[in-house]
Amino acid sequence: TPERWETFKLPEPKITFTIEASGVEIHDWTLRSGAMQLFPLSPEQTPNVLATIDNFFLIKSVVVTGTRTCSSSFSSTYPSHGRFTYQLGNTKFAAWIKPDGGALRIGQTSDDGDSLPKLFWNGWNTDMFYFMAERMAIGEAPVGHALRLTPNASNLPVVLHTLKNERDNVFQTLVKHVREIFPTVGNLGVRLRPDNGRFEIRIWPTKTMERVELSFPLDSSGTGVAQAIAILTAIMTVENAVIVIDEINSFLHPAAVKALLRILQTNYAHHQYIISTHAPEVIGFSNAKSIHLVKRSGYNSSIERLNLAKLSELREVAEHLGVSMADVFAADRVIWVE
């Protein structure tokens, strides 16, 4: 434990993590980037660069391991992915890949660049949504057009307006889910505010939307309403995403938590969900594939993956939450029969 504060002695926090993606995902990330990318080549791969890159996009699993600090972005050792390697002393080559009208143009250069780590980082961030426990002021946004939610949900009004006008079936399904979670919400819509020309999300307590004066701005509604709408919008407009929800029970009451988790598990189980919580009902109702226990001791935090088949680890979770094991892992209802 440090006895006094000395900034120069404090080590900079660093995170090392591994991201796995398929060749198809990398192909899509390259197209989405809109810019030329460089993939390193070995001398053996240069005679037929087109076939090399085409085969690369068919690979089922490509792994990049990198680090990130507070003062730097994601970085990885060159060549990061282990697919395109060369011997020291040999001339470095790279394939350049440039999006062009929905297709990719491929060529060769003597540059030694490696775009894959950045593609992984940007692609992972684009398809990852983080919903904080704090109140989200996302009820208004400048006028625009968007089919995808930004990771911080700041363009939620724009996406909802686009869905309503271009994918109304999806929008109506979203409204139906919101009603399942919040029985007091009857409908929702997006209007152009006459005073500032911005899109604004309005919440109606009834299904009918006769007069806008009878509705409420989303920013004046409960925190959980905005969070739930943003979560549903993210999972309904992206094929495969990582959804991180921090302290879900802090903005939704237990009945709403169960309703939302039921919708996620029943209709949108193809996404990956990472949920942090202290609430036993969330753990008990989430049917999680894995549970990790985060402990802090002094200035250090440790993460331990729990084996739910071991009674001792179940008891540890219950003790850590300050509840009984039945609160966390027992059934919601018990029927006694002869």
Side-chain angles (χ1 to χ4, degrees), residues 11-130 146-152 234 238-244 270-272 274 303:
E12 185 177 25
K14 182 172 68 173
I15 301 174
T16 300
F17 54 96
T18 299
I19 306 175
E20 181 180 7
S22 66
V24 173
E25 289 177 301
I26 299 170
H27 178 277
D28 291 346
W29 292 341
T30 305
L31 276 174
R32 192 185 302 168
S33 71
M36 186 174 69
Q37 308 295 331
L38 295 175
F39 292 177
L41 300 171
S42 68
E44 294 77 16
Q45 294 166 324
T46 56
N48 197 344
V49 62
L50 293 178
T52 298
I53 299 302
D54 286 342
N55 290 333
F56 177 69
F57 287 141
L58 297 176
I59 296 173
K60 293 184 177 180
S61 175
V62 181
V63 176
V64 167
T65 299
T67 60
R68 190 185 185 201
T69 65
C70 296
S71 59
S72 65
S73 59
F74 178 76
S75 61
S76 181
T77 304
Y78 174 89
S80 60
H81 37 86
R83 296 285 176 177
F84 307 116
T85 59
Y86 57 88
Q87 299 295 324
L88 291 177
N90 289 342
T91 303
K92 297 179 181 180
F93 299 98
W96 60 261
I97 307 172
K98 186 176 181 179
D100 184 12
L104 294 177
R105 294 168 52 201
I106 301 173
Q108 183 178 321
T109 176
S110 59
D111 197 330
D112 62 351
D114 184 2
S115 301
L116 206 58
K118 187 175 181 180
L119 273 177
F120 265 65
W121 178 253
N122 291 339
W124 185 56
N125 273 279
T126 301
D127 293 332
M128 182 182 71
F129 300 89
Y130 173 48
L147 287 170
R148 291 173 60 95
L149 199 67
T150 55
N152 62 359
V238 177
E239 290 297 325
N240 295 287
V242 179
I243 311 296
V244 182
H270 53 282
H271 298 299
Q272 180 184 14
I274 302 173
I303 302 177

>> With heavy-atom distances below 4.5 Å as the criterion, would you say the side chains of Ile15 and Thr69 are in contact?
In response: no

> What's the spacing between Asn122 CG and Ser33 OG if we round to 0.5 Å?
Replying inline: 8.5 Å

> Going by heavy atoms in the side chains, are Leu149 and Val238 under 4.5 Å from each other?
Replying inline: no

May I have the list of side-chain donor-acceptor pairs in residues 96-105 shorter than 3.5 Å, sequence neighbours left out?
none

> Is there side-chain contact between Phe56 and Ile26, with heavy atoms separated by less than 4.5 Å?
Replying inline: yes

> Taking the side chain as C-beta and beyond, is there a heavy-atom pair between Gln37 and Trp29 under 4.5 Å?
Replying inline: no

> Near Leu58 CG, under 6.0 Å, is it more than 12 heavy atoms from other residues, nucleotides or ligands?
Replying inline: yes

>> What verdict does the side chain to side chain donor-acceptor pair (under 3.5 Å) test give for Ser61 and Glu20, after you've listed the backbone C-alpha separation in whole Å, the side-chain angles of each residue and the deciding distance to 0.1 Å?
In response: CA-CA 6 Å; Ser61 175; Glu20 181 180 7; 2.5 Å; yes

> Just how far is it from atom OG1 of Thr30 to atom CE of Met36, taken to the nearest 0.5 Å?
Replying inline: 12.5 Å

> How many angstroms lie between atom CZ of Phe17 and atom OG1 of Thr65, to the nearest 0.5 angstrom?
Replying inline: 9.5 Å

>> If we ignore hydrogens and angles and just use 3.5 Å, is the side chain of Ser115 paired with the main-chain N or O of Leu38 as donor and acceptor?
In response: yes

> When you measure from the side chain of His270 to the backbone N and O of Glu239, does any donor-acceptor pair fall under 3.5 Å?
Replying inline: yes

>> How long is the straight-line distance from OG of Ser22 back to CG of Asn240, given to the nearest 0.5 Å?
In response: 9.0 Å

>> Whether the side chain of His27 engages the backbone of Phe57 through a donor-acceptor N/O pair (distance < 3.5 Å, no angle test) should be reported.
In response: no

> Rounded to the nearest 0.5 Å, how far does CZ of Arg32 lie from CD of Glu25?
Replying inline: 9.5 Å

>> Are the side chains of Phe129 and Val242 in contact, using a 4.5 Å heavy-atom criterion?
In response: no

> Looking at Gly107 and Val49, what are the two nearest heavy atoms and their distance?
Replying inline: O-CG2, 4.0 Å

